[in-house]
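Worth knowing before you read on, the calculation uses all heavy atoms, side chains too, and leaves out hydrogens, waters and symmetry mates. Predicted model only: the values in this text are computed from it and were never measured.
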Amino acid sequence: MTVYRVSGMTCGHSRTAITKAVGELDEVLAADVDVTAGLVTVTTNSPSDEAAIAAAVDDAGYELTGRA
């Protein structure tokens with residue numbers, strides 16, 4: 001489980017978009033988005049591929065700014 005800071009999240013749409021984008025990655029078991037705190041907790045079945053997670057967040061229209 002890894003917690004990331006994500007900028008640009010403002011509402012429920014943000015939660016839905018990031019959960020869907022990150023959740024589609026093969027190694028991801030779950031993605032929990034806390035819009036208010038600007039955090040995304042990603043649970044994986046193997047060591048996480050931070051570049052792939054960052055790309056998924058970027059594709060959803062947000063920016064992964066690092067680990068929390």
Side-chain angles (χ1 to χ4, degrees):
M1 182 169 60
T2 309
V3 181
Y4 298 99
R5 294 190 191 285
V6 175
S7 66
M9 298 189 297
T10 58
C11 63
H13 172 73
S14 302
R15 176 180 291 115
T16 302
I18 292 174
T19 300
K20 182 178 186 303
V22 173
E24 290 177 348
L25 297 173
D26 288 338
E27 72 271 9
V28 174
L29 299 174
D32 180 41
V33 179
D34 183 340
V35 172
T36 305
L39 301 174
V40 177
T41 302
V42 180
T43 304
T44 59
N45 59 6
S46 61
S48 61
D49 180 350
E50 194 163 317
I53 293 169
V57 170
D58 185 61
D59 287 347
Y62 304 93
E63 181 183 1
L64 188 146
T65 59
R67 291 184 182 213

Handout entry: Pair Thr2-Thr44, side-chain contact (heavy atoms from CB on, under 4.5 Å): steps then yes or no
Key = CA-CA 8 Å; Thr2 309; Thr44 59; 5.8 Å; no
Practice task
Write down the atom of Ala17, the atom of Ala60, and the distance for their closest heavy-atom approach.
Solution key: O-CB, 3.9 Å
Exercise for the section: With rounding to the nearest 0.5 Å, note down the distance linking CZ in Arg15 to CG in Asp34. Expected result: 7.5 Å
Fill in the blank from the handout: Rounded to the nearest 0.5 Å, the CZ atom of Arg5 sits from the CG atom of Leu39 at a distance of 6.0 Å
Problem - salt bridge (Lys or Arg N to Asp or Glu O under 4.0 Å): pairs with one or both residues in residues 51-64, sequence neighbours excluded - result: none
Practice task
Please list all pairs passing the salt bridge (Lys or Arg N to Asp or Glu O under 4.0 Å) test where one or both residues lie in residues 19-28, with sequence neighbours left out.
Solution key: Lys20-Glu24
Problem - Any donor-acceptor N/O pair, Ser48 side chain to Glu50 backbone, under 3.5 Å - result: no
Completion exercise
The single option from Thr65, Val57, Val33, Val35 that satisfies side chain to side chain contact (heavy atoms under 4.5 Å, CB included) with Val6 is Val57
Practice task
Measure the shortest side-chain to side-chain distance between Val42 and Val28 over non-hydrogen atoms and say whether it is less than 4.5 angstrom.
Solution key: yes
Problem - Sequence-distant partners of Ser14, side chain to side chain donor-acceptor pair (under 3.5 Å), two or more places apart - result: Tyr62
